Amino acid sequence: MNEKSKTLLRNRPSLVVLLWLAGIALLLAFPFLINQERYILHVAIVVFFNICLATSMWLIWSLGFVSFAHAGFMGIGAYTSALFFLRLGLPLWFGVIAGALVGALIAMVVSLPLMRTRAVYFFMASWAVGEVIKRIFAYYRGFFGGWEGLFRIMPPKLGPLDFANRTAYYYLAMVLMVLIVLVVYRLNKTRTGWIFWSIHEAEVLSSHVGIHALKYKVAAFTIASALAAMTGALYAHYHTYINPKSFDIWTSEFALVHIIVGGLSTAAGPVLGAVFLTIIDELLRPTEFYRIVIFGVILILTVLFLPGGLESIPKRLRLRLWKLPEDKDTQKSIAGAFGKGRK
Amino acid sequence: MTLQLTVQMAITGVTLGLIYGLIAIGLTLIFGVMRIIQYAHGEIYMLGAYFLYYWFDKWHLPYWAGFVMSAVVIFFFGAGLQLLLFRPLHGKDMLYSLAVSLALIFIISSAGIIAFGAVIRGISSFVTGQIRIAGAEWTFERMVIAGISLVLIIALWFLLQRTKIGLAMRAVAEDPETSSLQGINNRRIHWVAMGLGSALSAMAGCLMGTLMFIVPSMGFLATIKAFMIVIMGGLGSVPGALVGGFVIGFIDSFLTTLATSELAYIIGFVTIFVILVFKPSGLFGQAWE
Amino acid sequence: MRRALLFVAGLLVLLIAFGACSRGTPSGMIQDKVIKIGGAVPLTGAVAYWGICTDQAWKDGAEVINARGGVKVGNQNYKLQIITYDHKGSTPDAQTVTKRLIEQDKVKYIYNQAAAGTIGMLEISEPAKVLTSVACWGYLEHYGKDFPYHFRSEMSDYEQGFAYMPFVKTKYPGIKKAAFLGPDDKDGYDCYYSYQRLMKYYDVQDLGVEYFQWETTDFYPLVTKTLQKKPDMIITSPTPPGITASIVKAARELGFKGPVVSPGASETKTILEVCGEQADGVVLPVTLETPQTQSQKDLAERFKKRFGEFNLYAGNLSWWVYALAEAFTVAGTFEDTTKVADALEDVVLKDTYVGTARYAGEGAYGIKRQGVYDCYTMLIEDQKGFLADVRFPELPPGY
Amino acid sequence: MALLDIQKVSMHFGGLKAIRELDFAVQQGEIRGLIGPNGAGKTTLFNVISGIYLPTRGRFFFQGQDITRLRPHGTAKLGIIRTFQAITLFKHFSVLRNVMVGCHLHSHYSFFGSLLGTPNSLRHERENEARSMEILEFMGLARYKDELAMNLPHGHQRALGISIALAGQPSLLMLDEPVTGMNPEESAAMMKLIQKIRDRGITILLIEHDMKVVMGICERITVLNFGEKIAEGTPEEIRKDPDVHEAYLGGEHYVA
C-alpha cells in the first residue's frame, strides 16, 4: 500500500480535526465577539436549527431521496418534548431523548412501506406522511392542542444555569448542531457513507455486492428523522410555543432549498446553504414586499449559475484561478453534484 | 342520509373531479414528457385566471375570447420559462428543477401581490341559474365548467394518441434518446409540451376563477391538488389524472359532507400513501427512476 | 467560471447593500427627534391583504401627523418613524421580527396583524413592556389582565355583533336559527365562541358550527352540510372575502334564501364580483365603502394617491396611530409605556374613518384594551352594496 | 452435487413467457456458456437467479440450498455475484472505492465501529484496501485506482465491473456479455482473465454473443431459444447441433 492510498482512508486526520476544533472554538467565542447582542444571538440560533434540519435531510439525500416528511418528524420531536414538559413536568433533557426515540420509531415503521416508492413518487408519498403527521396534531385537539398549539414550553435549567438566557440557549443549540453535523460528517466519511452513496449511485449494483439496500434506506431515514426530532425538541423549548403550522411542507422545502444552494455532494453543502440563506433572508426583511421576490431570484441564480452549490466555490477558485491540478473530489463536486449528463 | 343528499354529493363529486382533473392534466403532461418537477404549476394557473380577470372584468372584452387568449398568452409564457429556466437543467437531477420552480412560486406569487394587489377578485360568471332535479341543485355554471373540463381532457388524450405531435411527445416521454435518433426535435417537443401544459393550467385557472375567486396566493392550493392527483394517477397518464381527480373529488365531497373537512383532507393524503405503497408508480403510471 | 465569480461578486454587493439599509435609519431622518414605531406585519403569503392594509394605515397616519409638525410630548415635538418588517403570517417569523424590532431597533411600540403573528409577538413584547396594538380575533386567552401592554384595536366579531345583530333583527325579524362557518384554526374556534354568546344574548338558536380547512378549494360540500341543518341565517367569521364570497355563492346555488352575515373585513365589491346576482342578502358589518364625512373622503383620497388603491379595510385601522399620538401628548412621555398605556385607555377620538373610537372592555375582559367604534354595516340588495346602518355597538351593561 | 441447480424454472411477464420450464445445472469449477438469439431469456435468467425477479414457477438450488426466493443481497451473500450487460458502476466513485464497496460482504463492517473510527475498523479498512488493490492489479487496473469510474475507457469499465464482482469473493460469478464493445485484443485479454479467475476456483456462468469467446473458453455451453433449453454440451457438440443452427437461422458463420 502506497502513501497516497493511505490518504484516501485517513484523509489527513490531524488537519481535519484541527479545522473542526478551530470552528468550534470560533462558535464558542462568537457570543462574546458580538458583545452578546441578543438579536444576533437569536439569528444564530435560528441558523443552527436550519443547519440541523438541512444536514439531517442531506443524510437522506445521500441515499438519493428527499424526504418531505422531515418537518413532520421535527414536529414529532417538538410535540413529544413539549408534552413531556407540560404533562409530566419533565424538562427538555428527557424530552429530547424521548423525542428522538419516538421520531425514530415512527420513522422506522413508516419508512418500510414508504421505501417501496421512488423518485417523485417518494416525494409525494413522504409529503403525504408529513401532512398526515401535521394534521394529526391538529385533529386530536384534546391531546396535542389542535391548531391553537401548545404554550409555555419553558427552557430547561441545569444547576445554576437557566437556559431562558439566550446566550445559554445559544450554546445548547450549538451543541446539538455540532453533534448533528459531526455525526452526519462522520457517517458520510466512513464505510456507512460509501454504502449510502453506492445505493444513491447504483442501487442494483450495490445490492448485488451484498448490500441490503432496504435496510440501509430505513436506517438512514430513521437516523435522519431522529436527528430532526431532536432539533424539533430544542426548537419547541426555544420558541416556547408550537403549533402544527410550524411543521408544514414549507419547513421541509426550505431545508431542501438550503441543501441545493449549499451543494449536494458533501456535508458542507447543507451547512453553507443554511447559513447563507438564513442570513440573506434576515437581511432582506426591510425590503418588505420585495423580500420573497429577491429571495426567489437569488435561488434561481444560484441554481443556474452555480450548479455545484456554494460548496464548490473554493474548488472552482482553486481550479481556475490558481490553475491547480484537478483532484478527484473536485471533479466529483463540479460534475454538478451527481447531476447526470454533465460529462 | 337521504337520496337527495346523496345525489347532491355525487354531483359535487363528479364536477369537482372533472375540475381537479383539468388542473392536473397540464402537470401530468409536463411531468410525463419532460420529467421535471414543475412545482409552480399553480402559479401559472393563477396568472391565467388574472389574465381573464383583466380581460373580462376590467377591459370588458368577450369572455370566451379571453379564455382562449389567456391560454395562448400562458402557452408562450410557459414555453418561455422552459427555454429560459428549465432547459439548462435538462438531464440533471430533478432536485434542480424543483428548486427553480420553488423559486418561481416565491417570485410569481409575491410579484402577484405587488402587481395585482392583495385584494380578492372574482370573474363574473358567464352563465347563471340552476335547476332542481331529484331534489338536488344542478348549477348550470358547474355543469358547463365540468363539461369543458371533460372536453379538454378528452382533447388532450386525442392529441396524444392520434396526432403526430402527440406521438412525438409520447416518444420523447418514453425514450428521449431513441426519439432524438428518429429525428424528433426533443427541444421543440419540450417547449411545446411545457407551453401546452401551462395553457391547460391557465384554462383551469380561468374556469376556477369564474367559479370561485382569485387572489395571488391561490396557486399553491392548486399545486397541492394537482400533485395529489397526478401522483395518484401516475405520471404522464391522462386517464390517471381523470381517475385521480374523481377520487379526490369524491373524498372531498362525501367526507366533508358526512364527516368534517379536516378528515377529508387527512383521508385524501392517506389514500395517496396507500395507493403509492401498493402501486409505487401510481394507478396508471410508468415507472420512473 | 467567470459567471461564478460574477455571481459571488454580485451577491456580495447585494449583501452589503442590504446590510447597510437593514440598519433602518434612512439618512436625513437622524436630525429630527423621532419616536420609532415598529410594524410586524405579513406583507407576503396568504394573509398579506390584512398586513398590507395595516401597514398602509400606519404609514399614512404617521405621515399626516409628521406633516402637522409631529407629536407634542412635553415641550418637544417628535416625528413618528415607522419601521416595517415582513413576517409572512408565521409564528416563528413573527418572533424573529419582534426580537429584531425590540432588541435591535429599540422600538417601544409595535403594531401587528393576524393571530399567528400576534401569538409569536406577545411572549416577547409583554415582558419587555412594549406596547402592542393589533388586529386579532383569535386567542382570547392571550388578552386581558395578564397582558397589560396588549391593545386589541380592531373590534372583534363579538363587539361587532352588538352592532349588526340589532340591525339584522330589525331587518329580518323572522330569524330564529343560525349556523356558523369558520376556518379550522384558533381564530375560527374563538369566533364561534363569540358567536355562541351573541346568539344567546339575542335569543337566536345556535345550530352549530362547520369548520373549513384553509386548503379547501370548493365550499359546496361544507355548505351542503350546513344547509342540512336548515338555518335561517348563516354567519361566517373570520373568513377572508374570497371565502365569504364562495360560501355565499354556494349557499345561494344550493337554495339558501336567508341572509349571510360576515363580520370579517370585506368589501361588497369583492362579493359582487364573485357572486354576481347571487350576492343579495349579504350583510357586511365593518367596512365603510362610500366615505361620508370630509375627513373620511380625505383619507380615501390620500390612500389612492399614495398607494394607488384604497383597501377599505385600511380605513378601519387608520385610527390607531392617532390614538397613540394623542396618548403620547396626554401622558407627556413616550419612554414610559405604562403611562402611555394608561393614557391610551382614556383617549376618545371623534372624527376618524370609523367615527367615534375609544377603548373599552373593562367588564368583559377585565382590562380596558378593546377598541370599539362606530360600525358601518353594508348590505347587498339588487346587486348593489349600500350603507344600511351606522351605529355604535350597543354593548351589554357591564361590558 | 451441482453448484447451481435450476429445476423447472418459469418466468412470465403478463402474457410473455420469457423462460419456460428451464432445467439445467452448473458444476463446480467449470466455465459455462449461455447463448441464444436476442430475446432468448438469457439476461432474464440471470435476473431470476440473482434475485431481481421471483420466478413464476420452479425452484433453484445453490450448493444444495434453496435460493429461489432470495433477493440480490441474499444471493450475493451466498456467493453468487453477477455483472451487468449495460455497464453499471458507481460512476462518481474512484476506481479503488468502487472495488472497496464491492468488498462489503467481507469487510467486517460494523455501524458504530465505522462511525467512531475504532482501531479495529480502521484495520479492517486497511485490509479491504489491500485486497482491493490486489484485485485491481489482477485485473490490470491498478494504475487507474484514483480515476473516477465514469472517466475510464469502455474496456476498463467492463473490467472494473468484474473487479467489483470479484471483491465480493464469489463462488459463482455470472458475467453478462463481458466482452461486448471491446476490440479483438481487449477481448482476447479478457478471455485470459476469465480463465485466470476460474483457475482461482471460481465457477463462471457467462452470457456472450461473441462466439469466438464462447467457443474459446467455455467447457460446456447451454443454448436457449424462446425461453427453452434447446441444446447443451461441449463447444463441439453445440457446433454440430442442428437445433442450434435452426435457432440462429443461417447463422453458419456465426457459430463457426
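Since the structure is predicted, the reported quantities are computational estimates derived from the model, not experimental observations. Below, read A as the first sequence line, B as the second, and so on, with proteins coming before strands; counting in each chain starts at 1.
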For the interface with chain D, which of A:His212, A:Arg191, A:Lys215, A:Arg186 has the highest count of heavy-atom pairs at distances below 4.5 Å? A:Arg191
If you look only at distance, which donor and acceptor atoms sit under 3.5 Å apart when one is on a side chain in residues 216-227 of chain A and the other is two or more places apart or in another chain?
unit_1: A:Lys217; atom_1: NZ; unit_2: A:Glu203; atom_2: OE1; d: 3.1
unit_1: A:Lys217; atom_1: NZ; unit_2: A:Glu203; atom_2: OE2; d: 3.1
unit_1: A:Thr222; atom_1: OG1; unit_2: A:Val218; atom_2: O; d: 2.5
unit_1: A:Ser225; atom_1: OG; unit_2: A:Phe221; atom_2: O; d: 2.7

Pair count under 4.5 Å, heavy atoms only, with chain A: among D:Ser107, D:Pro170, D:Ala165, highest is D:Ser107
Answer key: most heavy-atom pairs under 4.5 Å with chain A among D:Gly168, D:Ser50, D:Ala167 is D:Ser50
Option passing side-chain contact (heavy atoms from CB on, under 4.5 Å) with A:Phe48 (candidates A:Leu53, A:Leu176, A:Leu27, A:Val181): A:Leu27
Pairs involving residues 155-172 of chain D, ordered by first then second residue, that meet side chain to side chain donor-acceptor pair (under 3.5 Å) (sequence neighbours left out): D:Tyr144-D:His156
By a 4.5 Å heavy-atom criterion (distance strictly below it), what part of D:Phe84 contacts chain A: side chain, backbone, both, or neither? side chain
With only heavy atoms counted, which part of A:Ile195 is less than 4.5 Å from chain D, the side chain, the backbone, both or neither? side chain
Among D:Ile81, D:Val101, D:Leu116, which residue forms the greatest number of heavy-atom pairs with chain A at distances under 4.5 Å? D:Val101
Ignoring hydrogens and geometry beyond distance, is a side-chain donor-acceptor pair present between D:Asn128 and D:His108 at under 3.5 Å? no
Counting the benzene-type ring for Trp, do A:Trp61 and A:His200 have ring centres under 6.0 Å apart? yes
